[in-house]
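Working notes, beginning with the structure itself.
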Amino acid sequence: MAATDAVLELDGLSVGYDRAAPVVRDLSLTVGSGEVVALLGANGAGKTTTLRAISGLLKPAGGVVRLNGADLAGVAPTARARLGIAHVPHDRGIFFGLTVAEHFRLDGLGAPAEMETAFDHFPALRPLASRRVGLLSGGEQQMLAISRALSRRPKLLMLDEMSLGLAPVIVGRLLPVVREYATSSGTGVLLVEQHVHLALKIADRGYILSHGELAATGTAQDLGKDSALLAASYLGGAAR
Ligand code: ATP
């Protein structure tokens, strides 16, 4: 993909915690407009760390993060959100004591029309608007987290293990909504997902991280066929 088509570009990204050696090293990756890209790898491979560097929560030790061609060095997380980066972390970023509607008001998106638009993506949420989030099922909580992110009309949507604690059948219903949203809106999606085969079903391309380094990349179709590579990546041993 030509660099100009990329919503997100990572160029030689190295990032870690405090003064320790970087846990992600020399990672280059792109996400195009309307593309769904899966970021895969074993526990501890560096997937969440990569997303934190993109949203500005961690400062890279090296390399460049670009959004629509603009270098994000020195741009604070809140400013990155305003520029169009939406990050749904694995704890979903929701508050159990607030209702669904109150979450939209928190975001300044309390107008009924905007909330209705968000619910269009997940109609099951509409009758739950006044329910406290702690009383929703895990799948409903995830629908809320994703619909809040979508209602900001992001340029880049990052979903970190949206399937955590959910049955595969629920994940299998949520992922196609994400796919359809990317295609219809032009939003680029970077998807960290444990249900690798479900993720590759809706993704265009994938990257496999192993011990903080890129082990393989390819179309979702090609990666999906390489079961030996996928199995090795989940045991932490993928290397090509
Ligand atoms: P998982 O699938 O288990 O979430 P991951 O691929 O997302 O794994 P990361 O969470 O990015 O992996 O972790 C990469 C490495 O960074 C691990 O060795 C982890 O222990 C370390 N790490 C993660 N968070 C911190 C932190 N806050 N402080 C120090 N080290 C951390």
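The model shown is predicted, which means the values in this text are computed figures rather than measured ones. One-based numbering, in listed order, for ligands and for the atoms of each.
Distances from ligand 1 to the non-hydrogen atoms of Gly41 include no value under 4.0 Å. Contact analysis puts Ala42 in contact with ligand 1, with a non-hydrogen atom separation below 4.0 angstrom. Using a 4.0 Å cutoff on heavy atoms, Gln194 does not count as a contact of ligand 1.
Residues Leu125 and Ser147 come closest through the heavy atom pair CD1-OG, 3.6 Å. Closest approach of Leu164 and Arg92 over heavy atoms only: O-NH2, 2.6 Å. The two residues Val23 and Arg25 come nearest to each other via the heavy atoms O-NH1, 3.7 Å.
When only non-hydrogen protein atoms are considered, atom 10 (O) of ligand 1 lies nearest to Thr48 CB, 3.6 Å. Of all protein heavy atoms, the one lying nearest to atom 8 (O) of ligand 1 is Gly44 N, 2.8 Å. In terms of protein heavy atoms, atom 2 (O) of ligand 1 is closest to Lys47 NZ, 2.9 Å. The protein non-hydrogen atom at the shortest distance from atom 11 (O) of ligand 1 is Thr49 OG1, 2.5 Å. Of all protein heavy atoms, the one closest to atom 30 (N) of ligand 1 is Tyr17 CD1, 3.4 Å.
The presence of a protein heavy atom under 4.0 Å from atom 22 (N) of ligand 1 is confirmed. Distance remark: protein heavy atom present below 4.0 angstrom from atom 14 (C) of ligand 1.
If you take OG1 on Thr99 and CG on Leu128, they are separated by 11.0 Å, rounding to the nearest 0.5 Å. We find the CG-CZ distance between Asp222 and Arg205 to be 12.5 Å, quoted to the nearest 0.5 Å.
Salt bridge absent: Arg52 and Asp160 never bring a charged side-chain N and a carboxylate O closer than 4.0 Å. In summary, Glu140 and Arg131 do not engage in a salt bridge, as defined by a charged side-chain N under 4.0 Å from a carboxylate O.
On a distance-only criterion, Asn43 and ligand 1 share at least one N/O pair closer than 3.5 Å. When only interatomic distances are considered, the shortest N/O to N/O separation between Val23 and ligand 1 does not fall below 3.5 Å.
Within ligand 1, counting atoms from 1 as listed, the ones closer than 4.0 Å to a heavy atom of Ala45 are 5 (P), 6 (O), 12 (O). If you number the atoms of ligand 1 from 1 as listed, the ones under 4.0 Å from a heavy atom of Arg52 come out as 24 (N).
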For side-chain hydrogen bond (donor to acceptor under 3.5 Å, both in side chains), just list the numbers for Thr183 and Arg179, CA-CA rounded to whole Å, side-chain angles, deciding distance to a tenth of an Å, and then say yes or no. CA-CA 6 Å; Thr183 305; Arg179 167 75 265 175; 3.2 Å; yes
Can you list the steps and then say if Thr187 with Arg153 is a side-chain hydrogen bond (donor to acceptor under 3.5 Å, both in side chains)? CA-CA 8 Å; Thr187 294; Arg153 298 187 181 86; over 6 Å; no
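No part of Glu193 comes within 4.0 Å of ligand 1, judged by heavy-atom distances.
Taking the side chain as every heavy atom from C-beta outward, Glu193 and Glu161 never approach each other to under 4.5 Å.
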